[in-house]
2 protein chains.
Amino acid sequence: MAVLSKDNGVALYAQVRETLRNRIVNGSYQPGERLPAEEALTAEFGVSRMTVRQGISDLLDEGLLYRKRGIGTFVAQRHVHRDHNRLTTFFDSAESESFEARIAVLKQEVLLSRHLVARSLNILEGEPVFHIQTLRFADGLPITLHDEFIPYKLCPEMLDHDFTQVLSWEALERCGFRIKQAVQRVEAIAADGQTAKLLETEIGAPLLYKERTVVAEDGTPLEFALCYNRGDRYSLTTTLTR
Amino acid sequence: MAVLSKDNGVALYAQVRETLRNRIVNGSYQPGERLPAEEALTAEFGVSRMTVRQGISDLLDEGLLYRKRGIGTFVAQRHVHRDHNRLTTFFDSAESESFEARIAVLKQEVLLSRHLVARSLNILEGEPVFHIQTLRFADGLPITLHDEFIPYKLCPEMLDHDFTQVLSWEALERCGFRIKQAVQRVEAIAADGQTAKLLETEIGAPLLYKERTVVAEDGTPLEFALCYNRGDRYSLTTTLTR
DNA sequence: CTTATCCGGTTGTCTATACAACATAATTTT
DNA sequence: AAAATTATGTTGTATAGACAACCGGATAAG
């Protein structure tokens, strides 16, 4: 029997969601098993059916549950249900994949945008942008050369930041922007001389090249980045849905 | 003034959603503009507030709209709002990116699974699997070498398929499986002799290597695939969310 | 003038209820 | 025995209303 707290500031549907999530991850509800019907959950939690549905809805999106109309709600098999399409920082991944992260700042400057950068940031050619070039190390080995562009007008105080510790995103959030999503395109390219040297690899070595545009809640482009990742040390996982 | 049809089989909230979507794409609602409040939409469409909310909710997920509590619902800037995390077939992408698609079947056999394949499909080592190896051409040029593995027991009638025309997914759906999502991991590797020859490129050329596991609604792995994509002719776009 | 309070508008959460659509199993009819 | 019908349980859609939380601006108090 579950007890929900009425006044701890957490919405009831969120409490329902987390209670169900716990039961799934700790095995009270086994993969493939049918959950109690909405009516039963309604009775158990002492909330209305719509509230139960709202809680379940989130778990459906996560792929932890699936439903069959007229049949029931079921726990999905363990195999996948991970959402790999979350926007994370280099330090975040370092923590979840447990490697030691270090960032070296190679360049930190203001320059005038052109072609690709201007177009991606949806600004006029010639508008000033920050350019931050960093080299990123995992467990002491270089894995990514990172070129990042941010419109100057968005966040002028960006200049006095130590980008070895504070990421540009935090700076952007301090300027009042809420980062919402990013679109990135990856392809495989061969390392040129300059890049190979920085990444301590051979000319022609395969690199995972990534272009990423980060946008705010309202769709304004906040950042455009080019990443050259060492192919032998970097992989990218995504989840696709039908 | 919008008129919703009560009995055309389309849910009211879906009609609300599509009506709003149209107004956004055709510019009746401009980027950045505030939508009429839920109350107003309720009145206009002649449906209840929860129905309006359900319709809006989908557009929020798509990033077409965003909300600020206490303020309103707004149209996002045009820039991004495309969901690139949809599971599509080779022929689907051919249509949307308008290139001519052709598939050559190199191998079509049943073999015994081991290591990576067995683990990815969540079956025992030694269980039989279909192996379908294809070479895929865009506008006549080879771009992808595709190795695909499907547990034999899922769909024995898979043997008599012409995989130049019918994709394995259609076969799986005919066997009653509903493909739900896929997890894929990409990295950049160098082409070996065999692969280089098939893809008509040089040994050592950068390839975008992709491992993909496709799972059904209930989380059962249906297919595991290895794709070797020519780096200079293939790129992959994904959308990440905070 | 500045600060504090109030007010109206908006989205967020929640309730209680009703009927539709669908799937399975049991029952009845043929 | 087979087919059609009915019954029952489940999720899907929709309603009408209520109050909470939040924001911004207007108003009042200092």
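A, B, ... follow the sequence lines: proteins, then strands. Residue 1 opens every chain.
The side chain of A:M50 lies closest to C:dA16 when the candidates are D:dA16, D:dG12, C:dA16. Proximity note for B:S48 (side chain, C-beta onward) versus D:dA14, C:dT15, C:dG12: the nearest is D:dA14. Side-chain proximity of B:R67 to D:dT15, D:dG12, C:dT11: nearest is C:dT11. Closest approach to the B:A11 side chain among C:dT11, C:dA21, D:dT13 is made by D:dT13 (side chain taken as heavy atoms from C-beta onward).
Residues B:Q54 and A:G70 both approach DNA chain D. Their nearest nucleotides, taken by heavy-atom distance, put A:G70 toward the 5′ side. Positionally, the nearest nucleotide of DNA chain C for A:V47 lies more toward the 5' end than for the other of A:V47 and A:I71. Both B:R34 and A:T51 lie near DNA chain C, and the one whose nearest nucleotide falls closer to the 5' end is B:R34.
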Residue pair A:K153, A:E127: steps toward the salt bridge (charged side-chain N to carboxylate O under 4.0 Å, His left out) verdict
CA-CA 9 Å; A:K153 62 183 178 191; A:E127 274 195 57; 3.2 Å; yes
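Using a 4.0 Å cut-off, no side-chain N or O of A:T73 falls inside it from OP1 or OP2 of D:dT10. Applying the 4.0 Å criterion to OP1 and OP2 of D:dT11, one finds that A:R53 has every side-chain N and O outside that range. A close approach under 4.0 Å does not occur between any side-chain nitrogen or oxygen of B:R49 and OP1 or OP2 of D:dG17.
Ring planes of A:F74 and A:Y66: parallel class, angle under 30° (limits at 30 and 60°). In this pair, A:F90 and A:F99 present their aromatic rings tilted. The plane angle is within the 30 to 60° band.
Ring to ring, B:F130 and B:Y152 are close: their centroids are under 6.0 angstrom apart.
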